[in-house]
Protein chains: 2
Amino acid sequence: MSSPFHPDYNPLIRKLESVFILTDDERQVLETLPMQVAVLKDRQDIVRGGDRPSRSCLILSGFACVYKMTAHGKRQIVSFAIAGDIPDLQSLHLKTLDTSIATISPCRVGFIPHEALRDLCLRYPPIGAAFWRETLIDAAIFREWVMNVGQREGVSRMAHVLCELVVRLKAVDLVEDHVCDLPITQIEFADALGFSPVHVNRVLQQMRAEGLIETQGTRLRIPDWDKLKEVGEFDPTYLHLVREDVAA
Amino acid sequence: MSSPFHPDYNPLIRKLESVFILTDDERQVLETLPMQVAVLKDRQDIVRGGDRPSRSCLILSGFACVYKMTAHGKRQIVSFAIAGDIPDLQSLHLKTLDTSIATISPCRVGFIPHEALRDLCLRYPPIGAAFWRETLIDAAIFREWVMNVGQREGVSRMAHVLCELVVRLKAVDLVEDHVCDLPITQIEFADALGFSPVHVNRVLQQMRAEGLIETQGTRLRIPDWDKLKEVGEFDPTYLHLVREDVAA
DNA sequence: CGGCCGGTTGACAGAACTCAAGTGATGTGG
DNA sequence: CCACATCACTTGAGTTCTGTCAACCGGCCG
């Protein structure tokens, strides 16, 4: 159990402040949340669909993903989780998890008891509203993913996901000079986009050829942000950021 | 403005009670919500993406859909709204709408001021939790749609959406003897599933040939519920119903 | 009656999948 | 230290699902 005023709370507060305006008081209260920190290796399940957890997990560092499996064993990644995200915050009000969550890269994860979260929401309604808002933005992202997977093809579909990732990473200061670390494999992109891994590979090659992205290892560089946004038809409205400059 | 204790509140309460346990007191309080009722023709926008509404809309009867448009004018329906649904409840905490909502059939719609909803949530935290839960279930449905559009093909994808619709209709007593009224055109299914209208037509024909569905006009009959569920890989967990018999 | 809309059908095209093989980097064990 | 396995990525060839285009039917409504 880490003590209050620990830097572990920074990702949470930075993320919340990208979509909600907190008072000094509220910031301070958030740091009183009890949290058990764990260090996880890559490709490990954090929670599994069907679980009935009594706590939610806050990603402190690293990349994770929320996914579901079809009856025939195909995996759909429904969202990527980065620092500051609480990908199973919904379990606060939905007893049974309908998704699994797994790390992609090595992660530091903080577990926060539901009881503490519920208590905080009741005693500080604005904080309750902030968490509700978080889950509503998650829903908006899922809606956008439905559209992305349903209507866009090839390069456009991939470009859209990359745009979203970059903006969300920027909101928590993980992008510098149009460069970020993105330890997501082509297989994982395939599961997120509804493509085959082979197709992802070809799409990425085409994007590199067209100067939309540059990669070396896990580092991604966006040479021309406006062009990528246009190809991906990316309009960040659905992310409901309070600092709109993040998406510019 | 309709008066309290009016039958207009029945769809809302019936829907809430399918996913949340209400006390008599809470039921009564819900009926004090001010609501302006409107009658709309089919294929009319109720609200549009980009709007900043000061009220949410409750579907009292009829079918509506939540949709988004791509930059190239393609439409993705991200969910169908039926009696009891509040498809833009999220606008309570997200100022700008990122989706549009339109009627499919003629609808009766109740508009509830955000102020009244916010007030109720503050004064009755369990009701606040119930509404939060509603939005979380919406998010769970979006996640399932991402998987459906991303991983399932043809008959399976269509079967899944039909299963979901039937269960949700059953939850508000709109299914009798495996028969329901479904005034959704093939074009609308196409926009919901990410198919072309022609493909929807062929998929439906195949499903009729395989005895999965029977249709006459807008009436849909499910001759073999278990078979349809199996083909659509439908597991109703994600709907988080409190009365689980509804999905049986 | 004519127009319109939703549904249906056929022929063809194209996006994406599968299978299969091969590369290169990393890591492990003898 | 090298052989070997593993994993992510790459490439090619053939297949399949789904889209596009186009035409046509039948019911409904003005």
Side-chain angles (χ1 to χ4, degrees), chain A residues 41-44 63 65 70 72-77 102-106 148-161 181-209 213-220 231, chain B residues 41-44 63 65 70 72-77 102-106 148-161 181-209 213-220 231:
Chain A
K41 290 202 281 273
D42 59 345
R43 264 146 267 247
Q44 266 192 293
F63 280 69
C65 66
T70 69
H72 292 321
K74 300 210 281 178
R75 180 172 77 155
Q76 175 71 46
I77 291 176
T103 62
I104 287 180
S105 68
N148 198 37
V149 175
Q151 300 296 338
R152 288 193 267 262
E153 59 183 31
V155 170
S156 178
R157 195 186 300 183
M158 172 64 85
H160 191 280
V161 175
D181 189 49
L182 212 57
I184 301 175
T185 65
Q186 295 183 358
I187 291 177
E188 283 149 355
F189 275 121
D191 288 343
L193 296 168
F195 286 151
S196 68
V198 173
H199 193 55
V200 167
N201 183 284
R202 288 176 174 135
V203 165
L204 285 175
Q205 285 182 58
Q206 190 184 337
M207 291 179 74
R208 284 188 282 252
I213 57 169
E214 292 170 13
T215 57
Q216 39 180 339
T218 62
R219 295 184 74 70
L220 171 74
V231 169
Chain B
K41 289 201 282 274
D42 60 345
R43 265 144 268 248
Q44 265 191 295
F63 280 69
C65 66
T70 69
H72 292 321
K74 300 210 281 179
R75 180 172 78 155
Q76 175 71 46
I77 290 177
T103 61
I104 287 179
S105 68
N148 198 37
V149 174
Q151 301 295 337
R152 288 193 266 262
E153 58 183 33
V155 170
S156 179
R157 195 185 301 181
M158 171 64 84
H160 191 281
V161 176
D181 189 50
L182 213 58
I184 301 175
T185 65
Q186 295 183 357
I187 292 177
E188 283 149 354
F189 275 122
D191 289 343
L193 296 167
F195 285 151
S196 67
V198 172
H199 194 55
V200 167
N201 183 282
R202 287 175 174 137
V203 165
L204 285 175
Q205 285 182 59
Q206 190 182 336
M207 291 179 74
R208 285 188 282 250
I213 56 169
E214 291 170 13
T215 56
Q216 39 180 339
T218 62
R219 295 184 74 72
L220 171 74
V231 169

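Quantities reported herein were computed from a predicted structural model and do not represent experimental measurements. In what follows, chains are A, B, ... by sequence order, proteins preceding strands, each numbered from 1.
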Checklist entry - Quick one: does B:Ser105's side chain have a donor or acceptor within less than 3.5 Å of a partner on B:Asp42's backbone? => result no
Item to check | Separation of C:dC17 P from A:Phe189 CZ (nearest whole Å) | outcome: 16 Å
Checklist entry - Just how far is it from atom CD of A:Gln206 to atom CD1 of A:Ile213, taken to the nearest 0.5 Å? => result 10.5 Å
Item to check | Heavy-atom donor-acceptor pair, B:Arg152 side chain to B:His160 backbone, under 3.5 Å | outcome: no
Checklist outcome for this item: Scanning both residues in full, the closest heavy-atom pair of B:Ser156 with B:Val231 reads OG-O, 3.1 Å
Next on the checklist: Donor-acceptor check, side chain of A:Gln151 to backbone of B:Arg75, threshold 3.5 angstrom: yes or no?
Outcome noted: yes
Next on the checklist: Could you report the tightest heavy-atom contact between A:Asp181 and A:Phe63, atom names first, then the distance?
Outcome noted: O-CZ, 3.5 Å
Next on the checklist: Below the 4.0 Å mark, does D:dT11 have OP1 or OP2 next to a side-chain nitrogen or oxygen of A:Gln205?
Outcome noted: yes
Checklist outcome for this item: Once base and sugar-phosphate atoms are separated, protein heavy atoms under 4.0 Å mark nucleotides 23-30 of chain D, 5' to 3', with B, S and - as --------
Next on the checklist: With heavy-atom distances below 4.5 Å as the criterion, would you say the side chains of B:Glu188 and B:Arg43 are in contact?
Outcome noted: yes
Checklist entry - Do A:Thr215 and A:Arg208 meet the criterion of a side-chain donor-acceptor pair at a distance under 3.5 Å? => result yes
Checklist outcome for this item: In whole angstroms, the gap separating C1' of D:dA8 from CG of A:Leu204 amounts to 12 Å
Next on the checklist: Can you give me the bend angle of the helix from C:dC1-D:dG30 to C:dG30-D:dC1? Use the axis through the first five pairs and the one through the last five, nearest 10 degrees.
Outcome noted: 30°
All N/O contacts under 3.5 Å from nucleotides 19-28 of chain C to the protein, with atom names and distances to one decimal?
none

Checklist entry - At what distance, to the nearest 0.5 angstrom, does CG of A:Asp191 lie from CD of A:Gln186? => result 12.5 Å
Where do N or O atoms of nucleotides 5-7 of chain C meet protein N or O atoms at under 3.5 Å, pair by pair?
unit_1	atom_1	unit_2	atom_2	d
C:dG6	OP1	B:Arg43	NH1	3.4
C:dG7	OP2	B:Gln186	N	2.7

Checklist outcome for this item: dist B:Glu214:CD -> B:Arg219:CZ (nearest 0.5 Å) comes out at 12.0 Å
Checklist entry - Excluding sequence neighbours, so at least two apart, what forms side-chain contact (heavy atoms from CB on, under 4.5 Å) with B:Val203? => result B:Val155, B:Met158, B:His199, B:Met207
Item to check | Reported CD1-to-CD1 distance for the pair B:Ile77 and B:Ile184, which is rounded to 0.5 angstrom | outcome: 8.0 Å
Report, one pair per line, the protein and nucleotides 16-18 of chain D atoms (nitrogen or oxygen only) whose separation is under 3.5 Å.
unit_1	atom_1	unit_2	atom_2	d
D:dT18	OP2	B:His199	NE2	3.3
D:dT18	O5'	B:His199	NE2	3.4

Item to check | Between D:dC7 (P) and A:Asp42 (CG): distance, integer Å | outcome: 11 Å
Item to check | Spacing of A:Ile104 atom CD1 and A:Gln44 atom CD [to the nearest 0.5 Å] | outcome: 13.5 Å
Checklist entry - Does any N or O in the side chain of A:Thr218 come within less than 3.5 Å of the main-chain N or O of A:Leu182, such that one atom is a donor and the other an acceptor? => result no
Checklist entry - side-chain contact (heavy atoms from CB on, under 4.5 Å) between B:Asn148 and B:Leu193: does it pass, once the steps are laid out? => result CA-CA 8 Å; B:Asn148 198 37; B:Leu193 296 167; 4.2 Å; yes
